[in-house]
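Please read the structure below before turning to the comments.
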Amino acid sequence: MERNKILYDIKDISDILQISIPTAYKVVKCLNDELSKKKNKYGDNYYTFGAKIYSKYFVERFYDNKFLKIKQIMEKLEIKEFEAKKIWKKSKKELLEKGYLIIKGRVPEKFLMEKIRVV
């Protein structure tokens with residue numbers, strides 16, 4: 001999947017979030033519902049598409065477009081499962097407080113790397 005797309009389709013969302021196609025439809029519907037209530041910089045409503053979402057808006061709401069599952073966190077940081085789950089819980093809390101959406105058991109890689117000061 002090309003990460004520089006203007007619009008992500010259902011398959012892209014499914015791949016990025018590592019979720020099922022039906023769940024990806026729900027995510028896109030939720031994002032499109034939010035976006036349809038917002039105004040762009042010209043004061044107009046955004047165009048929304050049934051099975052697509054603007055990639056920029058997706059990243060605004062989910063922090064990034066690359067995610068790590070608990071097992072990937074364990075491998076990347078060479079830590080135990082309980083430590084990876086602790087990281088996820090702490091990340092989840094912080095992301096929600098900042099207004100981001102989250103997917104259970106997944107952490108935006110960019111967020112994690114910023115937290116451990118690798119980026």
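Computation of the quantities below employed the complete heavy-atom set of this structure, encompassing side-chain atoms and omitting hydrogens, waters and symmetry-equivalent molecules.
Note: Leu68 CG to Met113 CE = 6.5 Å, rounded to the nearest 0.5 Å. Note that the OH atom of Tyr46 and the CG atom of Leu35 stand 6.5 Å from one another [nearest 0.5 Å]. Rounding to the nearest 0.5 Å places CG of Asp15 at 3.5 Å from NZ of Lys11. Atoms CG and NZ, on Asn65 and Lys110 in that order, are 9.0 Å from each other to the nearest 0.5 Å. Here the straight-line distance linking atom CD of Glu34 with atom CD1 of Ile53 works out to 8.5 Å at 0.5 Å rounding. Expressed to the nearest 0.5 Å, how far OH of Tyr8 lies from OH of Tyr57 amounts to 15.0 Å.
Using a 4.0 Å cut-off between a side-chain N of Lys or Arg and a carboxylate O of Asp or Glu, Glu109 and Lys76 qualify as a salt bridge. One finds a salt bridge joining Lys85 and Glu81 here, because a Lys/Arg side-chain nitrogen approaches an Asp/Glu carboxylate oxygen to under 4.0 Å. Salt bridge status for Asp33 with Lys29: present, with a side-chain N to carboxylate O gap under 4.0 Å.
Closest approach of Ser14 to Ala24, counting heavy atoms only: N-CB, 3.9 Å. Among all heavy-atom pairs drawn from Ile73 and Ala84, the shortest one is CG2-CB, 3.9 Å. Taking both residues in full, the closest heavy atoms of Ile19 and Ile13 are given as CG1-O, 4.2 Å, listed atom of the first, atom of the second, then distance. The two residues Phe58 and Asp64 make their nearest non-hydrogen contact at CE2-O, 3.6 Å.
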Would you be so kind as to tabulate the donor-acceptor pairs closer than 3.5 Å made by side chains of residues 99-108, with sequence neighbours excluded?
{"from": "Arg106", "atom 1": "NE", "to": "Leu17", "atom 2": "O", "distance (Å)": "2.6"}
{"from": "Arg106", "atom 1": "NH1", "to": "Lys104", "atom 2": "O", "distance (Å)": "2.7"}
{"from": "Arg106", "atom 1": "NH2", "to": "Gln18", "atom 2": "O", "distance (Å)": "2.6"}

>> Using the rule given for side-chain contact (heavy atoms from CB on, under 4.5 Å), can you reason through Asp12 versus Lys5, listing the C-alpha separation, both sets of side-chain angles and the distance that settles it, and then say yes or no?
In response: CA-CA 10 Å; Asp12 295 330; Lys5 290 178 156 185; 2.7 Å; yes
>> As a quick check of understanding, evaluate side-chain contact (heavy atoms from CB on, under 4.5 Å) for Leu77 and Ile87, giving each step before the final call.
In response: CA-CA 11 Å; Leu77 301 179; Ile87 287 171; 3.8 Å; yes
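With sequence neighbours left out, the ring-ring contact (aromatic ring centres under 6.0 Å, His included) criterion links Phe111 to Tyr63. Qualifying ring-ring contact (aromatic ring centres under 6.0 Å, His included) partners for Phe49, counting only residues two or more places apart in sequence or in other chains: Tyr54. Partners of Gln72 according to the side chain to side chain donor-acceptor pair (under 3.5 Å) rule, which considers only residues two or more places apart in sequence or in another chain, do not exist here. Judged as a salt bridge (Lys or Arg N to Asp or Glu O under 4.0 Å), and not counting sequence neighbours, Lys90 has no contacts. Residues satisfying the salt bridge (Lys or Arg N to Asp or Glu O under 4.0 Å) criterion with Lys56, sequence neighbours excluded, are absent altogether.
Counting heavy atoms of neighbouring residues, nucleotides and ligands inside a 6.0 Å radius, atom CD1 of Ile21 exceeds 12 of them. More than 12 heavy atoms of other shown residues, nucleotides or ligands fall within 6.0 angstrom of atom CD in Glu97.
Looking at Thr48, its side chain never comes within 3.5 Å of a backbone N or O of Asn32 through a donor-acceptor pair. No donor-acceptor distance shorter than 3.5 angstrom exists from the side chain of Glu78 to the backbone of Glu75, with no hydrogens or angles considered.
Residues Lys115 and Glu94 meet the side-chain proximity criterion, which asks for heavy atoms closer than 4.5 Å. Put simply, the side chain of Leu31 does not reach to within 4.5 Å of the side chain of Val28, judged on heavy atoms.
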